[in-house]
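To start, the structure under review is shown below, and the notes come after it.
Hydrogens, waters and symmetry mates are skipped; everything else that's a heavy atom, side chains included, is used. All residue numbers in this chain count up from 1 along the given sequence.
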Amino acid sequence: MSTVLHESIRPNPCGDRPVIHPTAYVDSTAQVIGHVKIGPYVYIGPNAVIRADEADDDGHVCPIIIGDECNVQDGVIIHALAGTEVTIEPRTSLAHGAIVHGPCRIGEEGFIGFGAVVFNSRCDRGVFVASRAVVENVNVPADTFIPAFTFLSQDRINRLRKTEPQERSFMADVVKANRGLAEGYQGLTEAR
C-alpha cells in the first residue's frame, strides 16, 4: 500500500481495520479509525476524522464507505451510531468542516458544503447542500439544491429548487481538483 501508514490510521476496539485503496491519499493529520473502506483516488484532507467504532449489541461495527474519487476536506467529521452505516458514493465532495453522521447515505456526485451537517438522512445523486445547512431525518431527492443556513425538514423538501448548471459544474470542478491533490500528494509520498 503506497498510502502513508501512521498512528492515526488504526483499528477500532473490535479489531476492525481501515481498508484504503493504494491510490487514495490520507493526510498524516487525519484520523481513520476502524471499519472504514476508502476507494480509489479519494483525497482525505488535514484533520479529517473518519471513525467507525461503535459496536451494536452483537459486537458488530457497520462500515463507513467512501467511494471512488470522493474528497473529504479539512476538518470533516464522519461517524455513525452503533448499528448504522455511512456511505459516501463516488465523486462526492465533503467541504471543510462538514459533519456527516450515520445512519446516512450521500449519493453520487453530491456536495456537502462548508460546515454543513447531515444526520440520519439520505441524499440522492447530485444533491447540493450549501454552507451551514442542516439536513436531519430527511430523504432528499436527486439534484436538489439546499440553500445555506437552511434547517431542512421532510415537509419543506417540495419547496426546494433543482441544482442548476453552474452548481453541477462547481461540484465537478471540486472533484477534479481534489483528485489532482490525491494524485499529487501520492506522488510526493512515493518519491520519499
Checklist outcome for this item: Partner of Leu152 under side chain to side chain contact (heavy atoms under 4.5 Å, CB included), picked from Val118, Val129, Thr144, Leu160, is Leu160

Checklist entry - According to a 4.5 Å side-chain heavy-atom criterion applied to Ile, Leu, Val, Met, Phe, Trp and Tyr, with indirect links allowed, do Val175 and Val127 form part of one hydrophobic cluster? => result no

Item to check | Near-ring test Phe111/Phe170, centroid separation under 6.0 angstrom | outcome: yes

Checklist entry - Does Arg179 pair with Glu183 as a salt bridge, N-O distance under 4.0 Å? => result yes

Item to check | salt_bridge(Glu54, Arg51) N-O dist < 4.0 Å | outcome: no

Next on the checklist: Taking the cut-offs as 6.0 angstrom to the six-membered ring centre and 45 degrees off its axis, would you call Arg161 and Phe145 a cation-pi pair?
Outcome noted: yes

Next on the checklist: When you compare the side chain of Ile20 with that of Ile9, does any pair of heavy atoms fall below 4.5 Å?
Outcome noted: yes

Checklist entry - Should Pro103 and Leu81 count as side-chain neighbours, where that means a heavy-atom distance under 4.5 Å? => result yes

Checklist entry - For residues Asn120 and Asn137, is any side-chain donor paired with an opposing acceptor at under 3.5 Å? => result yes

Checklist entry - Any chance the side chains of Glu85 and Thr87 put a donor and an acceptor closer than 3.5 Å? => result yes

Item to check | By salt bridge (Lys or Arg N to Asp or Glu O under 4.0 Å) - contacts of Arg122 (at least two apart) | outcome: Asp124

Next on the checklist: Measuring from atom CD1 of Ile112 to atom CD1 of Ile88, what distance do you get when rounded to the nearest 0.5 angstrom?
Outcome noted: 7.5 Å

